[in-house]
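So the structure is just underneath, and the comments pick up after that.
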Amino acid sequence: MKKIITTILLISISISFAQKTSNLAIKESLVYKDKVKAGEILAIYTSTNNLTGIVRESKKNILFDVFDTDLNKVHTKTIES
């Protein structure tokens, strides 16, 4: 009987911890119209000064874009592959 009560107690405690929520800051940007269609995103990195770099791959090129905190494009570079 002790094993059953202990098991039920452990399961109820683990369920209560699993249902805690976290808060995420989500920021939606305007629709971005790009001149080049990219097949997939290879990497995303955000630096300590809040610049976000995205590396994308198209059929013929590798695209590198940098965005600021307001999601405005700061820099772009196309590398032919």
Side-chain angles (χ1 to χ4, degrees):
M1 189 66 169
K2 283 186 175 183
K3 290 182 181 180
I4 294 173
I5 292 173
T6 306
T7 305
I8 293 172
L9 182 64
L10 287 174
I11 290 172
S12 64
I13 289 172
S14 64
I15 289 173
S16 68
F17 282 122
Q19 293 183 358
K20 289 187 177 182
T21 60
S22 62
N23 296 326
L24 297 175
I26 299 173
K27 186 175 184 179
E28 186 173 346
S29 65
L30 299 174
V31 176
Y32 179 69
K33 304 267 182 171
D34 199 1
K35 295 177 185 174
V36 181
K37 290 186 179 180
E40 62 182 286
I41 295 176
L42 301 176
I44 298 175
Y45 177 76
T46 302
S47 66
T48 55
N49 55 356
N50 292 326
L51 292 176
T52 301
I54 299 175
V55 180
R56 303 176 294 149
E57 181 179 39
S58 69
K59 289 183 178 179
K60 297 180 181 178
N61 300 322
I62 296 174
L63 310 164
F64 179 74
D65 297 316
V66 178
F67 297 90
D68 63 4
T69 56
D70 295 326
L71 303 175
N72 298 318
K73 189 183 278 190
V74 176
H75 179 74
T76 188
K77 179 78 175 177
T78 302
I79 303 169
E80 295 182 13
S81 58

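- Residue Leu10 holds its CG atom at 12.0 Å from CD1 of Ile5, rounded to the nearest 0.5 Å.
- Ile11 and Ile4 fall into different hydrophobic clusters, where Ile, Leu, Val, Met, Phe, Trp and Tyr are joined by side-chain heavy atoms under 4.5 Å apart, directly or via other members.
- Considering every non-hydrogen atom in both Arg56 and Ile41, the closest pair reads CG-CG1, 4.1 Å.
- Through direct or relayed side-chain contacts under 4.5 Å between Ile, Leu, Val, Met, Phe, Trp and Tyr, Tyr45 connects to no other residue.
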Show me the donor-acceptor pairs within less than 3.5 Å that the side chains of residues 66-73 make with the rest of the protein, sequence neighbours left out.
| from | atom 1 | to | atom 2 | distance (Å) |
| --- | --- | --- | --- | --- |
| Asp68 | OD1 | Asp70 | N | 3.2 |
| Asp68 | OD1 | Leu71 | N | 3.1 |
| Asp68 | OD1 | Asn72 | N | 2.8 |
| Lys73 | NZ | Tyr32 | OH | 2.3 |

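- Clustering ILVMFWY residues whenever any of their side-chain heavy atoms sit less than 4.5 angstrom apart, transitively, puts Ile79 in the very cluster that holds Val74.
- Rounded to the nearest 0.5 Å, atoms CD (Glu57) and CG (Leu63) are 9.0 Å apart.
- Rounded to the nearest 0.5 Å, atoms OG1 (Thr7) and NZ (Lys2) are 13.5 Å apart.
- Applying the side chain to side chain donor-acceptor pair (under 3.5 Å) criterion to Thr76, with sequence neighbours excluded, gives Asp65.
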